[in-house]
Amino acid sequence: MAKFQFYPLDLTYKVVNGKPIIYIFGKTTDGQQICVLDDSFEPYFYVIPKAGADIKDKLTAISAEKDNESYHITRVESEKMKFKEKEIDALRCFTNVPRAVPALKDIIYDWDSVESVNEYDIRFVRRYLIDKNITPLTLVNVEGDIVPEKLKVPAIKAKSIEQFSEDTVKNLKILAFDIETYGEVGRRIAPEKNPILMIALYGENFKKIITWKKFKTEEDVEVLPSEADVIQRFQELVDEYKPDVIAGYFSDGFDFPYIRTRAKKYKLKMDIGLDYSEIRIGRGAQKTAQVTGIMHFDVFKFIKRAVYKTLKTDVYTLDAVSEEILGEKKIDVDMSRLSPAWDETSDELGLFAKYNLHDARLTYKLCLNLIPNLFELVKVVGQMPYSINRMSFSQFVEWYILRQVKSLKEIAPNRPGYNNQMARQAKRLKGAFVFEPTPGLYKDIIVFDYKSLYPTIIASHNISPGTVNCSCCEGKNKAPVDMIDAWFCTKKRGFASSIIEDLITRRSRIKEMLKEKDDVLLNARSQTLKDMANSFYGYLGFSAARWYCYECAESILGWARQYIHKVIDQAKEQGFDVLYSDTDSVFIRLKDKTKEDAVKFVEKINMDLPGVMELEYQGFYPGGIFVSTKAGESGAKKKYALIDDKNNVKITGFETVRRNWSFIAKDVQKEVITRILKEQNADSAVDYVKKVIADLKEGRIPVEKVSIRTQLSKDIDEYDNVGPHVAAAQRMKSKGLVVGPGSMITYVVTKGKGRIRDKVKLPDEIKQGDYDAEYYIDNQIIPGVERIFSVVNVKKEELMGKGSQSKLGSFI
DNA sequence: ACCTACCGGGG
DNA sequence: GTGTACGGTAGGT
């Protein structure tokens, strides 16, 4: 009997001789790939019978048959459980095989004696991880014997298996890959028709390109006789490299499905799974690709679902994402040349090989960069990396709750059906409170904000789907909301509030540790815990959630509005001037008060706050500007700029960050804000704008600065209204360039009469100064700064040198 | 304004 | 495989 420890990486199950066996692929402490088999886990689901109904015998009698497999309930156990945090009697029905669960549930569902059937849709391996309390990627103890099994790694049949510690797997072997395919850019991608031309692989001390045509190149290219050989070789290389992680960029939806389609055409078996299974492509609108035993990391999916919030970019192309995260772009090639170059066997293919390998390298680096975040999510949520990679935040919360409530004997509610979801969506939430600013230039601003406002409200007011409107506490702990009556139990702790309190305290501990020493993994963990806590409010109000709770979500918002009002009202009472407030923050002006008064104010507020709630003194700003909305007098929400005491200017919500503005307009807006805040008046900003206008008129602004970039969203012919960017795209097409949906169009508006679209030219078509200065002044520069200047009483005419000098405003 | 259909990423 | 997305928005009505 061998005893050892290993880190689980990937799980699957198989039914052998009518019995389900869990296969846990992982790595031992000395770095060996192995598979641990566990046949001790039984599938089950819950039936909640109507009061007094005795249906045990009736349940054990049912059976079903499908695909020559018979399904039945092996035994039924009565259990004292909870449902929505209330005690109930439940029947736990064990079945012979996992597939029996959904099949049998359909039979039982509409029995009169049954209240509900639950937990029939929790996949077997996920159930296993939850019930066995095993956390993937962390150290697990195993006792067992080596058994013969048709696998690429040694198999051990477990006698016992149990979680040992939080120690996390290190030094995983990662292999990134990328394919290039034949086909006309802009046309539908057709894997059944067009061949794979080359495949690049990239790992630590490993890079290779495989292809089936010979061309001149500096890279390590292996040339094979045919496409089928390339696919075969890809498989061999993966087998030889033995990666723990195989990474691609949108490989769920493109690379793997493409490879599989091509392999099928040549009747090749893509059995790269460690159990000799083929790549499994999930059907449905959104594809997935799973490789047994190897963690398939689709970098794109992870970014789009779990990382997007921390990124500025709103397009998730490999190019944009690499630039932001790694500071590195893709190699700029003309993709429309790939297929012609292939047909001609031109040496241009050398550049495409380089491009191919570079993409694989970027994917590899992104993978290294994001793995700490993925792994921390795996450890917090407790599901395997493959699953976590494909989940969004509401699912993280749901699977986290499922794991946490296991020990509380809480039966999970079922996911809502379509109609139920629609009904939930119809109930709108009231929203957060915004105190609209009066446009102006202000000095001595203090910003307060509630630390984790929504999570701390949930924890402090015991908000949970099972504590709402309890029979024991009516009238106490009542939410400040108009539309509904909602109060929350003051006697028994709800699971949502205790889970969230746990997340908050765990994060505080990590923060303390981080103060001692900075650490990538700890930072990732802190971020994960924060994201999880912040997602709870959204989860409770999410129509597809198992633990959806409208009263909870509405109450959280009600309390949030009340707590922010409290700060606003008391600040006014204390003689501060309230400038602006949004959701969880309040901006005030000191007037005749001091910073110390503001600090004392925060302390006073905190004395009255319940539980873990806390108002923070976020910072002091010597100056700030709030501008008006397009429409009228009131100040725009989420659009302001502040300058701190180190002269750093922080701009929020202005167009400076928007893509479809010319650089000159963005530069000018930023410079105007900065000058006004730094110099505490508008004089220098006015001079600056006048100078830019003069430069524009005299053609001194470089072409790049007057270029406007817009992304094409569909084919050129599909546009009914030919806007300037469409006109530019037409010019590009007429020059033989291929443009289609997603193409970035860069254009300049040039001098001349008539419509804008007739004056559009491409940047390389024009000479210095050959742009329409009036257009740029009227449609780019002025709109960007007009509302900023109106705050300080500067009229548009004055900037353009027409009007008379008005009285300039300054700080108040 | 509201509703529905389609798109994203990849070549 | 004890499940199948989802959130945004363009375009039509």
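Heavy atoms only: backbone and side chains are in, while hydrogens, waters and symmetry mates are out. Every chain is numbered from 1 and lettered A, B, ... according to where its sequence line falls, protein lines coming before strand lines.
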Inset, instruction - Would you kindly give the CZ-to-C1' distance between A:Phe542 and C:dG7, to the nearest whole Å? - result: 10 Å
Inset, instruction - Please state how far atom OH in A:Tyr308 lies from atom P in B:dG8, giving the value in whole angstrom units. - result: 19 Å
Inset, instruction - Name the closest nucleotide to the A:Ser392 side chain, picking from C:dC6, C:dT2, B:dG10. - result: C:dC6
Inset, instruction - Could you check how far CZ of A:Phe300 sits from P of B:dG11, rounded to whole Å? - result: 12 Å
Inset, instruction - Using ring-ring contact (aromatic ring centres under 6.0 Å, His included) as the criterion, point out the one residue from A:Tyr44, A:Tyr23, A:Tyr13 that pairs with A:Phe124. - result: A:Tyr13
Inset, instruction - Provide, to the nearest angstrom, the distance between the CZ atom belonging to A:Arg99 and the C1' atom belonging to C:dG3. - result: 14 Å
Legend entry - Listed nucleotide nearest any side-chain atom of A:Phe254, set B:dG9, C:dT2, B:dG11: B:dG11
Inset, instruction - Kindly confirm or rule out a cation-pi arrangement of A:Lys132 over A:Phe41, judged by NZ or CZ under 6.0 Å from the six-membered ring centre and within 45° of its axis? - result: no
Inset, instruction - Spell out yes or no: do the side chain of A:Lys301 and the base of B:dG9 have one donor N/O and one acceptor N/O closer than 3.5 Å? - result: no
Inset, instruction - Return the nearest nucleotide to the side chain of A:Phe250; candidates are B:dG11, C:dT2, B:dG9. - result: B:dG9
Inset, instruction - Check whether any side-chain N or O of A:Lys330 sits under 4.0 Å from OP1 or OP2 of B:dG11, and answer yes or no. - result: yes
Inset, instruction - Apply ring-ring contact (aromatic ring centres under 6.0 Å, His included) to A:Phe256 and A:Phe177, showing your working. - result: CA-CA 10 Å; A:Phe256 270 135; A:Phe177 78 109; 4.8 Å; yes
Inset, instruction - For A:Arg305, answer base if it contacts any base atom (sugar-phosphate contacts may also be present), sugar-phosphate if it contacts only those atoms, and nothing otherwise; contact means non-hydrogen atoms under 4.0 Å. - result: base
Legend entry - Sugar-phosphate, base or nothing in reach of A:Leu338, heavy atoms under 4.0 Å: sugar-phosphate
Inset, instruction - Classify the nucleic acid contact of A:Asn194 as base, sugar-phosphate or nothing, counting any heavy atom under 4.0 Å across all strands shown. - result: nothing
Inset, instruction - Can you tell me the distance, in whole Å, between the CD atom of A:Glu180 and the C1' atom of B:dG10? - result: 9 Å
Inset, instruction - Using only heavy-atom distances, determine whether the side chains of A:His296 and A:Arg280 contain a donor-acceptor pair under 3.5 Å. - result: no
Legend entry - Donor-acceptor pair between A:Asn420 and A:Tyr548 side chains, under 3.5 angstrom: no
Inset, instruction - Quick one: label A:Lys193 by what it contacts on the DNA or RNA (base, sugar-phosphate, nothing), any heavy atom closer than 4.0 Å. - result: nothing
Legend entry - Between B:dG9 and C:dT9 - P atom distance, rounded Å: 12 Å
Legend entry - Contacting residues from residues 256-265 of chain A, given that a heavy atom lies under 4.0 angstrom of DNA chain C: none
Legend entry - Crowding at CG, A:Asp332 (>12 non-hydrogen neighbours, <6.0 Å): no
Inset, instruction - For ring-ring contact (aromatic ring centres under 6.0 Å, His included), just list the numbers for A:Phe94 and A:Phe45, CA-CA rounded to whole Å, side-chain angles, deciding distance to a tenth of an Å, and then say yes or no. - result: CA-CA 7 Å; A:Phe94 292 88; A:Phe45 61 98; 9.6 Å; no
Legend entry - Of A:Asp359 and A:Lys304, the one whose closest DNA chain B nucleotide lies more 5': A:Lys304
Inset, instruction - Take atom NZ of A:Lys213 as the centre, draw a 6.0 Å sphere, and report whether it contains more than 12 heavy atoms from other residues, nucleotides or ligands. - result: yes
Legend entry - Touch class at under 4.0 angstrom, heavy-atom based, for A:Lys105 against every strand present: nothing
Legend entry - Sugar-phosphate, base or nothing in reach of A:Asp319, heavy atoms under 4.0 Å: nothing
Legend entry - Sugar-phosphate only, base, or nothing, as touched by A:Tyr316 at under 4.0 Å among non-hydrogen atoms: sugar-phosphate
Legend entry - Heavy-atom neighbours of A:Lys66 NZ exceed 12 at 6.0 Å: no
Legend entry - d(CD, A:Gln425; C1', B:dC3) in whole Å: 13 Å
Inset, instruction - Could you measure between the two C1' atoms, the one in B:dG8 and the one in C:dA5, and give it in whole Å? - result: 12 Å
Inset, instruction - Report which part of the nucleic acid A:Pro43 touches: base, sugar-phosphate, or nothing (heavy-atom distance under 4.0 Å, all strands). - result: base
Inset, instruction - Starting from C1' on C:dA5, measure out to CG on A:Asp252 and report it in whole angstrom. - result: 12 Å
Inset, instruction - Determine: side-chain N/O of A:Tyr13 to OP1/OP2 of C:dT2, distance under 4.0 Å, yes or no. - result: yes
Inset, instruction - Let me know the distance between CD of A:Glu119 and C1' of C:dT2, rounded to the nearest Å. - result: 11 Å
